[in-house]
Protein chains: 2
Amino acid sequence: MSNTSTLKLCYARHMSDAADKVIEQWGDVRPSLDTTPIGVVVRILRAARLLEQGLKEYFDDNGLETWEYDVLATLLRTGEDGSLRMGDLAGAALVTAGALTNRIDRLVAKGLVTRATDAENRRTVRTTLTDRGRELADGLIEGHLANERDLIGALTEDEQQQLAALLRKLLLSLGD
Amino acid sequence: MSNTSTLKLCYARHMSDAADKVIEQWGDVRPSLDTTPIGVVVRILRAARLLEQGLKEYFDDNGLETWEYDVLATLLRTGEDGSLRMGDLAGAALVTAGALTNRIDRLVAKGLVTRATDAENRRTVRTTLTDRGRELADGLIEGHLANERDLIGALTEDEQQQLAALLRKLLLSLGD
DNA sequence: GTCCAACATTTCAATGTTGAAGCTTCCGCA
DNA sequence: TGCGGAAGCTTCAACATTGAAATGTTGGAC
């Protein structure tokens, strides 16, 4: 699961990635453009895609979809009684309410969560982990985190912290 | 199009974003976990979603899908004769070949590109900008870049460069 | 010269998401 | 008490993507 082989490929300094090539091409064709924002935006978009693939591989190996783990883990870490409203789950996953209904349907069918209308506010529906769901999520956390560590392992701890700090600032400005 | 209002919200230092909350929650519920990779991975995923939304708004205003501009711009900046093979376009957009066929179908229907089998290697299909496609893409570049600058405007230029450098290193290790 | 494996694209069924419309349920207000 | 609007979720049609199978093409082995 370690990507030692690809790491070797970039020991050389100043190797260029896809974003560098995009910027270089614009420089050739439209030299007057200020293409600096591409260096950030394109890289974030591509990094997200590649990380998603990397996360998917881990969950594939464990017979789960990434979003399934996301729902279970969100319920698990939210503590309390391990139940959340549909809207909260939709917000956490950045998908629409319709998508969440669909997802929870399937998790209920798998026996990993239950669904019940809230007694106090009967408009809201609370999704709760079953024991099986809790155990499943619990058993996957460590491996998932290890996988994440591996995916960003090319960066030193310092670099990881810098990156996190810069992204936090960006996210706050984007309204996260 | 400027996000001054959201910027104001984070003048206070050490405000926490969604990733901070996730980490904090795990700390409460499973204190033994090393959740540091979340700070990077989750943030990249969320930043990508939010940036995609921000890009979408600009192209919505201009009656185009983001991917439509992506194809046109890729063809435009690749220089040469402004034509590319299907596989190249799929690679640039990180989608499958099937998706590309569909996308190019629609761009052809709109009169923005043409499709022709390559004379030298008749397995490959070359997609080429029409004059209209070229003009359309050309007219949108500057606004698009201005929008991108705006989206990451909360970061100083130095910070943007640091962020770009860290992401490049990460992307290279991920095989970009 | 023929055959075969690899390549490049298209086709197609399965699947998941979005956005809008539709239901209940709740709350503020008269 | 009753009404109107908003909140919260579900339903549904439209649409896009994926992954696999199918089609056609090329180049090398023999």
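Chain letters run A, B, ... following the sequence lines, proteins first, then strands; residues in each count from 1. All values reported here derive from a predicted model rather than from experimental measurement.
- For the segment residues 43-51 of chain A, no residue has any heavy atom less than 4.0 angstrom from an atom of DNA chain D.
- Phosphate contact (OP1/OP2 of D/dT18, side-chain N/O of B/T96, threshold under 4.0 Å): present.
- Sorted by first then second residue, the side chain to side chain donor-acceptor pair (under 3.5 Å) pairs that include residues 127-143 of chain B, not counting sequence neighbours, are A/R30-B/D138.
- Taking every nucleotide of DNA chain C with any atom under 4.0 Å from a non-hydrogen atom of chain A, the first and last of them, 5' to 3', are C/dG16 to C/dC26.
- In the region residues 98-112 of chain A, proximity to DNA chain D at under 4.0 angstrom, judged on heavy atoms, holds for A/G98, A/T101.
- Applying the ring pair (Phe, Tyr, Trp, His ring centres under 6.0 Å) test to residues at least two apart or on different chains, the pairs with a partner in residues 68-89 of chain B are B/F59-B/Y69, B/Y69-B/H144.
- Applying the salt bridge (Lys or Arg N to Asp or Glu O under 4.0 Å) rule to B/E159 yields the partners A/K169; only residues at least two apart in sequence or on another chain are considered.
- Taking the side chain as every heavy atom from C-beta outward, A/V95 and A/W67 never approach each other to under 4.5 Å.
- By the 4.5 Å heavy-atom criterion applied to side chains, B/Y58 and B/T66 are not counted as neighbours.
- The side-chain heavy atoms of B/D118 and B/R85, taken from C-beta on, include no pair separated by under 4.5 Å.
- Judged as a salt bridge (Lys or Arg N to Asp or Glu O under 4.0 Å), and not counting sequence neighbours, the contacts of A/R149 are B/D34.
- In this structure the side chain of B/L55 reaches within 4.5 angstrom of the side chain of A/V41, judged on heavy atoms.
- A ring pair (Phe, Tyr, Trp, His ring centres under 6.0 Å) check over residues 79-102 of chain B, counting only residues at least two apart or in different chains, returns nothing.
- DNA chain C lies under 4.0 Å from at least one heavy atom of each of the following residues of residues 118-128 of chain B: B/R123, B/T124, B/V125.
- For B/R77, there are no salt bridge (Lys or Arg N to Asp or Glu O under 4.0 Å) partners at least two apart in sequence or on another chain.
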Per-pair distances, 0.1 Å, donor-acceptor, side chain in residues 105-115 of chain A, under 3.5 Å, sequence neighbours excluded:
{"from": "A/D105", "atom 1": "OD1", "to": "A/R115", "atom 2": "NH2", "distance (Å)": "2.1"}
{"from": "A/R106", "atom 1": "NE", "to": "A/N102", "atom 2": "OD1", "distance (Å)": "3.4"}
{"from": "A/K110", "atom 1": "NZ", "to": "A/E68", "atom 2": "OE1", "distance (Å)": "3.4"}
{"from": "A/K110", "atom 1": "NZ", "to": "A/E68", "atom 2": "OE2", "distance (Å)": "3.0"}

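- Taking B/R43 as the reference, B/D17, B/D20 meet the salt bridge (Lys or Arg N to Asp or Glu O under 4.0 Å) condition, with sequence neighbours excluded.
- Taking atom CD of residue A/Q53 and atom P of nucleotide D/dT18, one finds them 10 Å apart after rounding to whole Å.
- Using a 4.5 Å heavy-atom threshold, the side chains of B/L167 and B/I44 count as touching.
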